[in-house]
Protein chains: 2
Amino acid sequence: MSDSLGKVAKLPTIRRLPVYLHLLRGLQGGGTERVSSTYIAEQLKLDAVQVRKDLSSTGIVGKPRVGFEVTGLIDAIESFLGWNNTTEAILIGVGNLGSALLGYAGFMRHNLSVVAAFDADPQKAGTEIAGKPVFPMEKLANLVHRLHIRICILTVPAQQAQGVVNLLLAAGITAIWNFTPVALHVPAGVIVQNEDLAGGLAVLSRRVRDAETAHPPRADESAEGGDDAHH
Amino acid sequence: MSDSLGKVAKLPTIRRLPVYLHLLRGLQGGGTERVSSTYIAEQLKLDAVQVRKDLSSTGIVGKPRVGFEVTGLIDAIESFLGWNNTTEAILIGVGNLGSALLGYAGFMRHNLSVVAAFDADPQKAGTEIAGKPVFPMEKLANLVHRLHIRICILTVPAQQAQGVVNLLLAAGITAIWNFTPVALHVPAGVIVQNEDLAGGLAVLSRRVRDAETAHPPRADESAEGGDDAHH
DNA sequence: TTATAATAAGTAAAAAATTATCGATATACA
DNA sequence: TGTATATCGATAATTTTTTACTTATTATAA
């Protein structure tokens, strides 16, 4: 029921925290010092009670009639997520998606630093992408060991996913951010976070399909009804 | 309670459907004709009852002692998601992530076809990325209108997100797959599917942090305890 | 100093999602 | 032909998540 820092927060809450963080950083940049749950809820189209509950799970407390300190909130969320100190990670599979993630500035803002990339294609070894060196797979074990890397971003083709994971496990990786559609097989204690884009596309597709069957598309355009939900 | 095709399925179920689909396609490729919920659950580390419930929401029925027809299941899931006929979409913002998504073969497998990309940078206009033409923003309205495009993949920088969305709405777009961390403001009836990667990273970070506080990391490696959950 | 209004926080209720239980059915095998 | 067993489907129980409601606190202004 209690946690080392803040209370227990469940998955949907944790997923919303970065959204709050983004809004709060914007407010901070604009010089705002305090913010109410009501305001946040309005901006994010959420329920004010839910906002308060989410925020309270990070351990922060607000003042009645005043709201929350923007800076304090940001700190609380960041420390709750472990985003206040940099974590190093590697990335495997420098294809389309892998290359994009290497260049994705968002990571640094969230204090995940990709220190090296790997690819099975010998052509890619020795090159740099977005300033990150790409190594051949043979160097994986050594480098992971030497730098004490724990986290790996996995962006290899589906066919190779499990094979690569076996190498990762042998090298000592304990957390995998899995962008492949494969259900990875790992021993207990190894964290796998699945981030298959197909899931989001499925939800979008279904909602589009529902909207269309509700009011079939005609030659002219239309834009009413339906609903805008969060994932 | 009932739907035009299949029963109502809630978000978590819909998110799992592509995972089933991936497994089923693999089985189909291997020549397997029938599969049981028990087997699927085992492979995907899910509960067999949940698998049956998920599948039943697509309208398919299985046979006791036999299981489900692999091909029938694939068809059912695809048609439930609207993935049996191609939908055309555009993409806006040809940065790192946008370029990657343009080249992401996964889309075609899911019958979402990106027919054109747009970018505010005039340098990029006229080029091609992954075989897709990149146009300047001025051509947006005309092209969307002419091709009756409804769906847009949004991969622009956060600062420009809402501005671009306003253009999209004016052009007649009714569904946005939003890869920015911005809470978009759209009128009722327009579908926004948020796909911020920060949410997944937050869950991963928190799980790593939890695992570390549970058994603090020492100089040597370790890999026990914890749990491997789906998002 | 007191009244008022905005807001947080705690408690309770409702809804959604997951997991468990049980009966029915179809195949395999004696 | 009859029996055993794997599997589905439906119902129920549990847990999680969201929403609603009530109480308490604090700044503001009369």
Side-chain angles (χ1 to χ4, degrees), chain A residues 1-3 6-17 19-20 24 27 32-70 72-73 76 199 202-203 206 227-231, chain B residues 1-3 6-17 19-20 27 32-70 72-73 76 199 202-203 206-207 227-231:
Chain A
M1 166 192 156
S2 84
D3 202 346
K7 310 166 192 174
V8 288
K10 299 299 160 43
L11 285 182
T13 293
I14 296 174
R15 278 185 174 283
R16 279 188 296 267
L17 291 179
V19 183
Y20 298 131
L24 291 167
L27 291 174
T32 307
E33 292 182 354
R34 286 181 295 274
V35 65
S36 72
S37 59
T38 320
Y39 176 83
I40 295 176
E42 221 165 65
Q43 293 294 309
L44 267 36
K45 292 173 195 159
L46 295 173
D47 191 73
V49 179
Q50 182 166 72
V51 172
R52 278 202 294 279
K53 248 196 158 182
D54 286 345
L55 297 183
S56 84
S57 70
T58 69
I60 195 138
V61 294
K63 264 196 200 171
R65 179 69 203 241
V66 174
F68 299 84
E69 299 276 335
V70 171
L73 256 186
V203 177
R206 179 65 199 187
D227 181 287
D228 149 44
H230 222 76
H231 60 254
Chain B
M1 164 191 156
S2 84
D3 199 346
K7 311 165 191 174
V8 287
K10 299 299 161 41
L11 285 181
T13 293
I14 296 173
R15 279 186 174 282
R16 279 189 295 268
L17 291 179
V19 183
Y20 298 131
L27 291 174
T32 307
E33 290 183 356
R34 286 180 296 276
V35 65
S36 72
S37 60
T38 319
Y39 176 83
I40 295 176
E42 222 165 65
Q43 293 293 309
L44 269 33
K45 292 173 195 156
L46 295 173
D47 191 76
V49 177
Q50 182 167 72
V51 172
R52 280 201 294 278
K53 248 196 157 183
D54 286 344
L55 298 182
S56 84
S57 69
T58 69
I60 196 138
V61 294
K63 267 194 200 172
R65 181 66 205 243
V66 174
F68 298 85
E69 299 275 335
V70 172
L73 256 186
V203 177
R206 178 66 199 188
R207 289 171 66 197
D227 181 286
D228 148 45
H230 224 73
H231 60 253

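In what follows, chains carry the letters A, B, and so on, assigned in the order in which the sequence lines appear, proteins first and then strands, with residues in each chain numbered from 1.
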Original post:
Can you name the residues that form a side chain to side chain donor-acceptor pair (under 3.5 Å) with B/Y39, not counting sequence neighbours?
Top reply: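 Testing B/Y39 for side chain to side chain donor-acceptor pair (under 3.5 Å), a comparison that skips the adjacent residues, returns none.
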Looking at [options], which one has an atom nearest to any side-chain atom of [X]?
| X | options | result |
| --- | --- | --- |
| A/D47 | D/dT19, D/dT18, C/dA8 | D/dT19 |
| B/R16 | C/dT18, C/dA8, C/dA9 | C/dT18 |
| A/S36 | C/dT21, C/dA8, C/dA26 | C/dA8 |

Separation of atom [atom1] in [X] from atom [atom2] in [N], rounded to whole Å:
| X | N | atom1 | atom2 | result |
| --- | --- | --- | --- | --- |
| A/Q50 | D/dT16 | CD | C1' | 13 Å |
| A/L11 | C/dA17 | CG | C1' | 13 Å |
| A/R34 | C/dA8 | CZ | C1' | 15 Å |
| A/E33 | D/dA27 | CD | C1' | 16 Å |
| B/K63 | D/dT7 | NZ | P | 15 Å |
| A/I40 | C/dT7 | CD1 | C1' | 12 Å |
| A/Y39 | C/dA6 | OH | C1' | 17 Å |
| B/K53 | D/dA13 | NZ | P | 14 Å |

Original post:
Looking only at side-chain N and O atoms, does B/S37 come under 4.0 Å of OP1 or OP2 in D/dC8?
Top reply: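 Yes, within the criterion.
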Original post:
Is there a side-chain polar atom (N or O) of A/R52 under 4.0 Å from OP1 or OP2 of C/dA9?
Top reply: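 False: A/R52 side-chain N/O out of range (4.0 Å or more) of C/dA9 OP1/OP2.
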**OP:** For A/T13, answer base if it contacts any base atom (sugar-phosphate contacts may also be present), sugar-phosphate if it contacts only those atoms, and nothing otherwise; contact means non-hydrogen atoms under 4.0 Å.
**Re:**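 The answer is nothing, as A/T13 stays clear of every strand by at least 4.0 Å.
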**OP:** Could you tell me whether A/V49 contacts a base, only the sugar-phosphate backbone, or nothing, with contacts defined as non-hydrogen atoms closer than 4.0 Å?
**Re:**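 It contacts base atoms.
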**OP:** Using the closest heavy atom to pick a nucleotide of DNA chain D for each, name whichever of A/K10 or B/G62 lands nearer the 5' end.
**Re:**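 Result: B/G62.
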Original post:
A/P12 or A/V66: which one's nearest nucleotide on DNA chain D is closer to the 5' end?
Top reply: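 The answer here is A/P12.
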**OP:** Apply side-chain contact (heavy atoms from CB on, under 4.5 Å) to the pair B/R34 and B/K63, showing each step before the final yes or no.
**Re:** CA-CA 10 Å; B/R34 286 180 296 276; B/K63 267 194 200 172; over 6 Å; no
Original post:
Looking at CZ of A/R206 and CG of B/L11, how far apart are the two atoms once the value is rounded to the nearest 0.5 Å?
Top reply: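 Reported to 0.5 Å precision, the distance equals 11.0 Å.
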**OP:** Drop me the distance from A/S37's OG to A/D54's CG, to the nearest 0.5 angstrom.
**Re:**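 Result: 11.0 Å between the selected atoms.
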Original post:
Is a donor-acceptor contact shorter than 3.5 angstrom present between the side chain of B/R65 and the base of D/dT5?
Top reply: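 Such a pair is found, so the answer is yes.
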Original post:
Any side-chain heavy atom of A/L44 sitting closer than 4.5 Å to one from A/V51?
Top reply: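 When only atoms from C-beta onward are counted, A/V51 and A/L44 do not touch, as no gap falls below 4.5 Å.
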